[in-house]
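Working notes, beginning with the structure itself.
All heavy atoms count here, side chains included; hydrogens, waters and symmetry mates do not.
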Amino acid sequence: MNFWCERAWLPGGLAERVLIRVENGVIANVSTVDTIPLGVRRLYGVVVPGFANAHSHAFHRALRGRTHDGGGTFWTWREGMYALASKLTPQSYYRLARAVYGEMALAGVSSVGEFHYVHDRSNEFGYALREAAKDAGIRLTLLDTCYLAGGIDQPLNEVQQRFSDGTAEAWASRVAELKSDDVMRVGAAIHSVRAVPRAELSVVAQAFPDAPLHIHLSEQPAENEACLAAHGLTPTGLLQESGALSPRTTAVHATHLTPEDIATLGGTGTGACFCPTTEADLADGIGPARELADAGSPLSLGSDQHAVIDPLLETRALEHNERLRTGQRGRFSPQELLQAATRHDALGWPQAGRIEPGQACDLVAISCSTPRTAGSLPQQVFLSATASDVDTVVVGGRVVASGGVHETLGDVGRLLADAIEELWA
């Protein structure tokens with residue numbers, strides 16, 4: 001199938017009347033035309049590349065709307081998360097993740113990075129997630145996570161035992177059995193410096209040198225304080241010592257950083273993934289996004305615990321948080337925001353994220369005539385649209401969602417309700 005776009009955001013900027021020819025799911029040619037050829041799919045509004053959700057915990061979706069009574073902290077929220085994790089089976093996780101990934105597809109996500117730590121010392125859960133992504137029509141990067149301790153110098157609790165392989169070597173041996181294919185890439189993750197002892201960090205960092213490596217970093221001040229007390233280093237300093245920082249690495253959250261941390265992350269080319277709606281929901285704080293970008297850290301975006309699944313809201317929140325933090329507007333240009341929202345290379349899919357020949361044909365058509373977007377300049381639609389304004393989603397040349405309906409899953413809301421009810425029954 002070929003596509004004609006009323007407007008499309010190409011690497012050189014916004015263009016009108018764009019014809020995209022596709023071969024085997026890959027963009028073969030991009031041109032502008034005065035006459036619409038017969039037999040092409042028409043996409044109206046502004047068409048952008050498919051979004052990359054660089055940080056997901058799919059099972060957290062079952063906590064949405066259930067954690068707001070009584071205040072609390074990140075640490076009390078975590079207790080509810082543990083209670084949910086204790087209920088998961090590969091079968092129930094498949095049903096939940098299929099619906100969650102379906103919700104992502106409706107919102108324009110074409111690749112997701114699943115920070116996966118509920119694995120029970122087997123790959124059954126990982127392959128269940130692969131099948132869920134396949135059914136939803138999106139690509140998956142399984143960031144299989146090493147999790148060995150309940151905190152710095154702390155034992156694992158009963159639920160955390162499900163997250164652990166016992167040693168970094170055992171984790172690496174299990175992950176080596178996972179196979180990448182056209183649906184799933186296999187990557188690695190260090191849960192945090194709280195969950196992987198200092199002596200084991202380098203083992204994880206070196207285990208899969210050609211794969212993406214993701215890390216929760218300095219999400220909470222308490223993490224920094226514990227790391228400094230135990231090791232005399234910030235979490236960033238500890239990861240640098242272990243050889244974990246490099247252009248293939250993404251630091252997730254990167255909220256509470258020192259100027260030295262920022263320079264280290266930028267100087268090593270380590271990416272930074274912000275999850276603004278989660279960081280707001282959990283009262284984590286606002287990280288130094290502009291400073292990291294200026295230092296040399298490529299930015300990406302994720303929905304993390306899925307307080308919402310809306311790449312456009314995450315994109316806008318990246319800019320809005322900077323405005324709140326600094327009192328200045330225009331901290332990121334629309335082009336920079338789009339780049340952060342479409343960084344598939346952070347997930348090991350460098351062949352996606354741009355509308356140009358040789359790239360996967362991932363397209364998201366955003367309507368410019370809804371109550372939210374009417375009157376917006378096309379080049380500024382990211383600052384007015386939400387996922388509700390996504391009209392058509394194409395992944396690998398195939399239409400997976402149109403008019404708010406998933407082409408194969410149908411009623412995603414019902415699938416979500418059924419899967420979540422099953423877990424909390």
**Study point:** Test side-chain hydrogen bond (donor to acceptor under 3.5 Å, both in side chains) applied to His60 - qualifying residues, sequence neighbours left out
**Key:** Tyr117
Point to revise | Pairing of Asp120 and Arg162 as salt bridge, 4.0 angstrom limit | key: yes
Review point. Any side-chain donor paired with an acceptor under 3.5 Å for Asp261 and Thr264?
Key: no
Check your understanding: With sequence neighbours excluded, what pairs up with Ser384 under the side-chain hydrogen bond (donor to acceptor under 3.5 Å, both in side chains) test?
Key -> Ser376
Review point. Looking at Trp171, Tyr147, Phe163, which hits ring-ring contact (aromatic ring centres under 6.0 Å, His included) with His191?
Key: Tyr147
Check your understanding: Is Glu279 reaching over with its side chain to a backbone N or O of Gly285, donor-acceptor style, under 3.5 angstrom?
Key -> no
Practice item. Assign the ring pair Trp4 / Tyr44 to parallel, tilted or perpendicular, where the plane angle (0 to 90°) is split at 30° and 60°. Key: perpendicular
Check your understanding: Once the angle between the rings of His57 and Phe115 is folded into 0 to 90°, is it parallel (under 30°), tilted (30 to 60°) or perpendicular (over 60°)?
Key -> perpendicular
Check your understanding: Which atom pair, heavy atoms only, marks the closest approach of Val109 to Ile138?
Key -> O-CG2, 3.3 Å
Check your understanding: What are the two closest heavy atoms between Ser180 and Val186, and how far apart are they?
Key -> OG-N, 3.0 Å
Exercise for review: Just jot down the side-chain hydrogen bond (donor to acceptor under 3.5 Å, both in side chains) partners of Thr315, sequence neighbours excluded, or say none.
Suggested key: none
Exercise for review: Quick one: list whatever passes side chain to side chain contact (heavy atoms under 4.5 Å, CB included) with Ser369, sequence neighbours left out.
Suggested key: Ser367
Exercise for review: Output all residues satisfying side chain to side chain contact (heavy atoms under 4.5 Å, CB included) with Val400, sequence neighbours left out; order by chain, then residue number.
Suggested key: Ala105, Val393, Val395, Arg398
Check your understanding: Leu257 and Leu217: side chain to side chain contact (heavy atoms under 4.5 Å, CB included), yes or no, with the steps?
Key -> CA-CA 9 Å; Leu257 302 178; Leu217 179 67; 4.3 Å; yes
Check your understanding: Which residue pairs pass the salt bridge (charged side-chain N to carboxylate O under 4.0 Å, His left out) test with at least one member in residues 403-418, sequence neighbours excluded?
Key -> Arg414-Asp418
**Study point:** Listed once per pair and sorted, the salt bridge (charged side-chain N to carboxylate O under 4.0 Å, His left out) pairs that draw on residues 86-103, sequence neighbours left out
**Key:** Arg61-Glu103, Arg64-Glu103, Arg95-Glu422
Review point. Quick one: salt bridge (charged side-chain N to carboxylate O under 4.0 Å, His left out) pairs with a partner in residues 36-56, sequence neighbours left out?
Key: none
**Study point:** Residue pair Thr255 / Glu219, side-chain donor-acceptor N/O under 3.5 Å
**Key:** no
Practice item. For the pair Phe125 and His119, evaluate ring pair (Phe, Tyr, Trp, His ring centres under 6.0 Å) and give the outcome as yes or no after the intermediate values. Key: CA-CA 6 Å; Phe125 281 88; His119 34 61; 8.4 Å; no
Review point. Excluding sequence neighbours, so at least two apart, what forms side chain to side chain contact (heavy atoms under 4.5 Å, CB included) with Pro247?
Key: none
Point to revise | Test side chain to side chain contact (heavy atoms under 4.5 Å, CB included) applied to Pro378 - qualifying residues, sequence neighbours left out | key: Arg7, Leu14, Val46
Practice item. Give a yes-or-no answer on whether the side chains of Asp135 and Tyr101 include a donor-acceptor pair shorter than 3.5 Å. Key: no
Point to revise | Worked check of side-chain hydrogen bond (donor to acceptor under 3.5 Å, both in side chains) between Ser218 and Asn224 | key: CA-CA 6 Å; Ser218 293; Asn224 290 353; 2.8 Å; yes
**Study point:** Asp345: side-chain hydrogen bond (donor to acceptor under 3.5 Å, both in side chains) partners, not counting sequence neighbours
**Key:** Arg343
Revision key, fill the gap. Result for side chain to side chain donor-acceptor pair (under 3.5 Å) between Asn53 and one of Ser300, Ser303, Ser111 points to Ser303
Check your understanding: Among pairs that include at least one residue of residues 365-375, which meet salt bridge (charged side-chain N to carboxylate O under 4.0 Å, His left out), considering only residues two or more places apart or in two chains?
Key -> Arg372-Asp389
